[in-house]
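First comes the structure, then the notes that go with it.
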Amino acid sequence: MKKFIITPIIGVLLISCGSESAENQENEVEQQDTSAVTIDTLSTDTTVAELSFEFFEDYAVIDSKTKLYESFEPSQLKDDTTWYAEGEVMRLSTTLTHDDRVVKFVWEEDDNESLSNIDASYFIWNKDYSATSTQVIPSRCGFSLGTTLKEFTEWNEAPVYFSGFGWDYAGGISQTEENKSKLLSCDTGVRLEIEYTDEMSEDYNFLYGDHELNTEMEGVLDAPIYVGYFSYYLPLEQ
């Protein structure tokens, strides 16, 4: 059985502004750090000021738009739209800038109030879809946005299989139970991204296109590929 984590590439390849394909992953929750407040243990009396926001997933305790606007200054928030399913599905969203981190809150389709999921990217993009900066946010899974593919493979303790770059589902990861991938136990959706530069070697041309790559292929681990995208969906029972 395969588990797919596939979303389209951010940047010049976006079909429309804010395009990001939905990742619908339903995994068993594996708590790896009980020292911080998590979605499962958050008390109704807990205030945002008491939260550490140490990990990416911690932001999902703010599970409504009202709560988000009560918790942060208007200058930190920007309402926008996000597109999924190759530009066919539009969702309303709010982007939070907090402690030099940029996290997107995507609201449920039917009420624009309840949280559906949170997203974050390693590369921060401007309106022209050019990367202006980067951010490193750790996940409870044990790696961060910005983790290199080599480091990510070492953490995974198994080869990483992913889609080639330069098309809608670039960097989408496909892992199988047979190869004992640790990523299968991670609640957070992950996508890889490549750092595009004008000086990129032609030796990396094989990384582009609608085909599957893996970290056992020659030259893959030498390429500037990073953990580039996180997405966390609230558990269905909430």
Side-chain angles (χ1 to χ4, degrees), residues 1-27 82-89 117 119-123 125 129-131 134 139 141-233:
M1 176 180 177
K2 287 190 175 182
K3 169 188 174 184
F4 290 95
I5 309 175
I6 45 181
T7 51
I9 189 168
I10 300 177
V12 295
L13 301 173
L14 286 175
I15 295 176
S16 58
C17 179
S19 294
E20 293 170 349
S21 172
E23 299 178 334
N24 296 312
Q25 308 302 322
E26 298 178 20
N27 309 315
T82 298
W83 292 85
Y84 292 103
E86 299 185 76
E88 296 182 359
V89 177
N117 58 281
D119 297 345
S121 298
Y122 173 57
F123 295 102
W125 307 90
Y129 305 121
S130 297
T134 59
S139 166
C141 298
F143 52 86
S144 304
L145 287 174
T147 295
T148 66
L149 180 56
K150 182 177 181 180
E151 294 169 334
F152 182 58
T153 304
E154 292 173 352
W155 169 86
N156 195 45
E157 299 179 357
V160 177
Y161 294 81
F162 60 99
S163 296
F165 298 97
W167 69 297
D168 294 333
Y169 293 103
I173 298 175
S174 170
Q175 296 293 69
T176 65
E177 294 178 352
E178 288 76 12
N179 71 6
K180 308 300 181 183
S181 168
K182 287 176 62 176
L183 189 59
L184 290 170
S185 64
C186 178
D187 258 5
T188 295
V190 180
R191 188 179 72 237
L192 301 175
E193 291 183 5
I194 189 168
E195 185 172 10
Y196 297 93
T197 66
D198 294 335
E199 296 79 23
M200 287 190 71
S201 169
E202 292 184 359
D203 294 338
Y204 293 147
N205 287 347
F206 76 100
L207 297 173
Y208 298 88
D210 179 5
H211 58 271
E212 185 175 72
L213 303 167
N214 69 76
T215 51
E216 292 186 321
M217 297 173 63
E218 183 178 357
V220 168
L221 290 179
D222 296 326
I225 300 173
Y226 305 87
V227 173
Y229 175 84
F230 282 163
S231 183
Y232 179 83
Y233 282 76

Decide side-chain contact (heavy atoms from CB on, under 4.5 Å) for Asp222 and Asp203; before the verdict, give the C-alpha distance in whole Å, the side-chain angles of both, and the deciding distance to 0.1 Å. CA-CA 10 Å; Asp222 296 326; Asp203 294 338; over 6 Å; no
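- Listed here is the closest heavy atom pair of Gly164 and Leu213: CA-CD1, 3.9 Å.
- Ring orientation note: the planes of Phe165 and Phe162 are tilted relative to one another, at an angle of 30° to 60°.
- Atom OG1 of Thr188 is separated from atom CG of Asp119 by 10.5 Å, given to the nearest 0.5 angstrom.
- Once rounded to the nearest 0.5 Å, the distance linking CZ of Phe123 with CD of Glu193 reads 6.0 Å.
- In this structure, OG1 in Thr134 is found 8.5 Å from CD in Glu195, a value given to the nearest 0.5 Å.
- Using a 4.5 Å heavy-atom cutoff, the side chains of His211 and Phe206 are not in contact.
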Return all side-chain donor-acceptor pairs below 3.5 angstrom for residues 141-148, not counting sequence neighbours, or 'none' if the list is empty.
from, atom 1, to, atom 2, distance (Å)
Thr147, OG1, Ser144, N, 3.0
Thr147, OG1, Ser144, O, 2.8
Thr148, OG1, Glu151, N, 3.2
Thr148, OG1, Glu151, OE1, 3.2

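- Minimum interatomic distance between Arg191 and Gly172 (heavy atoms only, all atoms of both residues): CG-N, 3.9 Å.
- When the side chain to side chain donor-acceptor pair (under 3.5 Å) test is applied to Thr215, no partner is found at least two apart in sequence or on another chain.
- Atom-to-atom distance recorded for Asn156:CG and Lys180:NZ is 13.0 Å, nearest 0.5 angstrom.
- Taking every heavy atom of both residues into account, Val227 and Tyr122 meet most closely at O-CB, 3.7 Å.
- Between the Lys182 side chain and the Trp155 main chain, a donor and an acceptor come within less than 3.5 Å of each other.
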Please determine whether side-chain contact (heavy atoms from CB on, under 4.5 Å) holds for the pair Tyr208 and Ile194, giving the CA-CA distance in whole Å, both sets of side-chain angles, and the decisive distance to 0.1 Å. CA-CA 10 Å; Tyr208 298 88; Ile194 189 168; 4.1 Å; yes
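- The two residues Ser181 and Ala158 make their nearest non-hydrogen contact at CA-CB, 4.1 Å.
- Closest heavy-atom contact between Gly166 and Tyr196: N-OH, 3.8 Å.
- For Asn214, the side chain to side chain contact (heavy atoms under 4.5 Å, CB included) partners two or more places apart in sequence, or in a different chain, are Tyr161, Glu216, Met217.
- Here the OG atom belonging to Ser174 is positioned 10.5 Å from the CG atom belonging to Leu183, to the nearest 0.5 angstrom.
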Given the rule in the side-chain contact (heavy atoms from CB on, under 4.5 Å) test, do Tyr229 and Val190 qualify, once you have shown the distances and angles that lead to the verdict? CA-CA 6 Å; Tyr229 175 84; Val190 180; over 6 Å; no
